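Heads up: the structure comes next, in structure tokens.
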Amino acid sequence: MSYSARSTCLRFSLLPAFLLFCLFAAAQKKPEAPVDHRFDPLDELFKQNQKDLGEYVALVWKDGKLIYQKQVSDDFTPKIQAPLVRAADWMVAALVMTFVDEGKISLDDKVTKYVPMFGKYMKGYITIRNCLTNTTGIKVDEGLKKALENIKFETLEDEVNSYASHRDIGTNPSTEIFYSYLGPNIAARCLEVVSKKPFERLMNERIIRPLKMRGTSFESQTGGAPNPSGGAVGAASDYISFLAMLMNKGVTPDGKRILSEKAVQELETPQFTSLPIKFIPKELQGAQFGLGCYIMGTGNSTALLSPNMLGTTAWIDKCRNYAAILIVAKPEEGKKVLWSSMMNIVNDALGSNCN
């Protein structure tokens, strides 16, 4: 038999084997996950508000996995950083509670124990708890806000000292609620004094690294002092890891304890429930104050959330046992606040008697 004939015979003999291999490979291919139509109304909500939202990521996490993920483009994914703004307050409060767990600080310590300047300017009764619940008594009117924003502080120490010296206290602490960004920054400075470490390092060592939140940072994006309440950037997948830890009573999925159960419970406990509310964004009307977070509903229907009014919000639903985040790439004034609508749709999709 010639070489050409042998070659032709070989090709034909291999063809059936090749076809069998292709059929086997096709049979082994995993089928695509079925579409969960329970969340169709959520898809429609985002579609209707696409122009206003811009780029965004929405995640819902339950039973150890993501059950919903939505993004508008491949340029902004769950692992891409975006400003967290006031949604970072929850993380600041959790950091404070790591020090409470270690007995190095008490929520009812007066701030003057760590920053004596507050006593000099008639603010000596402000406590750490006040700082995490919008009850310091320091009112941030437009004059004070603009004055502070026009100063570029080199350190958090300089910034917090300016809160003490800029003006007298508006009202006694623990007497009314006034939504403000000053408190978490004051609490963060107290941690610096206790530990003799910068706030950013403390957050990295105690929260970010243990939770493997590689896309999250409290480092100043413009140079100068960090801004614990408003200056963090983070990824949606990172924040879900933080929420999952809280849902697991302070323990990471790989078994590392970040907070004690008692600390998590304290974060979620309503604080100063009988105080009059002097100022709060309309979207939070009716909410109670936890530590660094807000509490909507009562009893079995409780939801914990850490919102900002610029588009990004994260929350935990205690009854349905899920966590969620809506994070926008460019939070800004006038951005439509959709977290309440998203929450209602997810709650309907997951069901349960939470009354």
Side-chain angles (χ1 to χ4, degrees), residues 35-62 66-91 179 181 215 229-230 232-240 242-244 280-288 290 292-297 301-352 354:
V35 177
D36 192 337
H37 291 289
R38 294 178 301 171
F39 296 110
D40 286 352
L42 197 51
D43 291 338
E44 185 62 27
L45 174 71
F46 293 135
K47 182 179 179 181
Q48 291 176 356
N49 293 277
Q50 172 61 64
K51 184 176 180 180
D52 186 68
L53 279 174
E55 292 187 307
Y56 68 89
V57 168
L59 303 177
V60 181
W61 184 94
K62 180 176 172 63
L66 287 176
I67 61 171
Y68 179 84
Q69 176 176 329
K70 187 74 172 180
Q71 62 193 64
V72 70
S73 76
D74 292 334
D75 295 326
F76 187 61
T77 72
K79 294 186 179 297
I80 298 295
Q81 287 183 337
L84 293 176
V85 202
R86 293 301 302 273
D89 288 0
W90 213 346
M91 295 177 64
Y179 183 82
Y181 63 90
S229 180
V233 293
S237 57
D238 282 1
Y239 209 107
I240 285 291
F242 173 72
L243 298 178
I280 190 174
K282 63 181 181 180
E283 293 84 1
L284 290 173
Q285 293 291 336
Q288 295 181 309
C293 65
Y294 299 83
I295 303 168
M296 304 288 284
S301 62
T302 300
L304 311 167
L305 59 151
S306 188
N308 69 71
M309 301 305 112
L310 308 176
T312 292
T313 295
W315 72 91
I316 294 171
D317 188 288
K318 299 288 285 184
C319 169
R320 298 168 186 85
N321 197 36
Y322 78 88
I325 185 168
L326 172 61
I327 185 168
V328 297
K330 297 180 179 179
E332 56 192 4
E333 295 287 349
K335 184 84 68 177
K336 185 175 287 187
V337 179
L338 290 180
W339 62 263
S340 181
S341 298
M342 179 178 170
M343 180 186 291
N344 290 335
I345 291 171
V346 176
N347 289 352
D348 288 343
L350 297 181
S352 190
C354 296

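In this text, all values refer to a predicted model and were calculated from it rather than measured experimentally.
Ring centers of Tyr56 and Phe46: under 6.0 Å apart, within the cut-off.
Annotation: the span from Leu45 atom CG to Lys47 atom NZ amounts to 12.5 Å, rounded to 0.5 Å. How far CG of Leu42 is from NZ of Lys70: 8.5 Å, rounded to the nearest 0.5 Å. With rounding to the nearest 0.5 Å, the separation of CG in Asn49 from OG in Ser341 is 7.5 Å. Rounding to the nearest 0.5 Å places OG1 of Thr77 at 4.0 Å from CD1 of Ile80. Atom CD1 in Ile325 sits 11.0 Å away from atom CD1 in Ile316 (nearest 0.5 Å). With rounding to the nearest 0.5 Å, the separation of CD in Gln288 from CE in Met296 is 10.5 Å.
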Evaluation steps, side chain to side chain donor-acceptor pair (under 3.5 Å), between Gln71 and Gln69: CA-CA 7 Å; Gln71 62 193 64; Gln69 176 176 329; 3.2 Å; yes
Met342/Trp315 under side-chain contact (heavy atoms from CB on, under 4.5 Å): CA gap, chis, key distance, verdict: CA-CA 11 Å; Met342 179 178 170; Trp315 72 91; 3.6 Å; yes
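The shortest non-hydrogen separation linking Ile327 to Thr312 is CA-OG1, 3.5 Å. The two residues Gly351 and Arg320 have their closest heavy-atom pair at O-NE, 3.3 Å. Here the closest non-hydrogen pair linking Ser306 and Ala87 is OG-O, 3.1 Å. When all heavy atoms of Leu243 and Ala324 are compared, the pair lying nearest together is CD1-O, 3.7 Å.
Ring pair Phe242/Trp90 is perpendicular by interplanar angle, where above 60° counts as perpendicular and below 30° as parallel.
Figure legend: Arg38 and Tyr68 shown without cation-pi pairing, the cationic atom not lying both under 6.0 angstrom from the six-membered ring centre and within 45 degrees of its axis.
Between Asp317 and Asn347 there is a side-chain heavy-atom pair separated by less than 4.5 Å. Looking only at side-chain heavy atoms (C-beta outward), Val57 and Leu326 stay at 4.5 Å or farther from each other. Proximity of Val346 to Tyr322: side-chain heavy atoms (C-beta onward) are separated by under 4.5 Å at one or more points. A heavy-atom distance below 4.5 Å is found between the side chains of Pro78 and Leu59. Residues Phe39 and Leu350 have side chains in contact (heavy-atom distance under 4.5 Å, counting atoms from C-beta outward). For the pair Ile240 and Asp238, the minimum side-chain heavy-atom distance is 4.5 Å or more. Side-chain atoms of Trp339 and Pro307, non-hydrogen and from C-beta on, do get closer than 4.5 Å to each other. The side-chain heavy atoms of Leu53 and Leu338, taken from C-beta on, include a pair separated by under 4.5 Å.
The closest donor-acceptor contact from the side chain of Gln50 to the backbone of Gly54 lies under 3.5 Å.
A donor-acceptor pair shorter than 3.5 Å can be found between the side chains of Ser229 and Arg86. Between the side chains of Tyr239 and Trp61, no donor N or O sits under 3.5 Å from an acceptor N or O.
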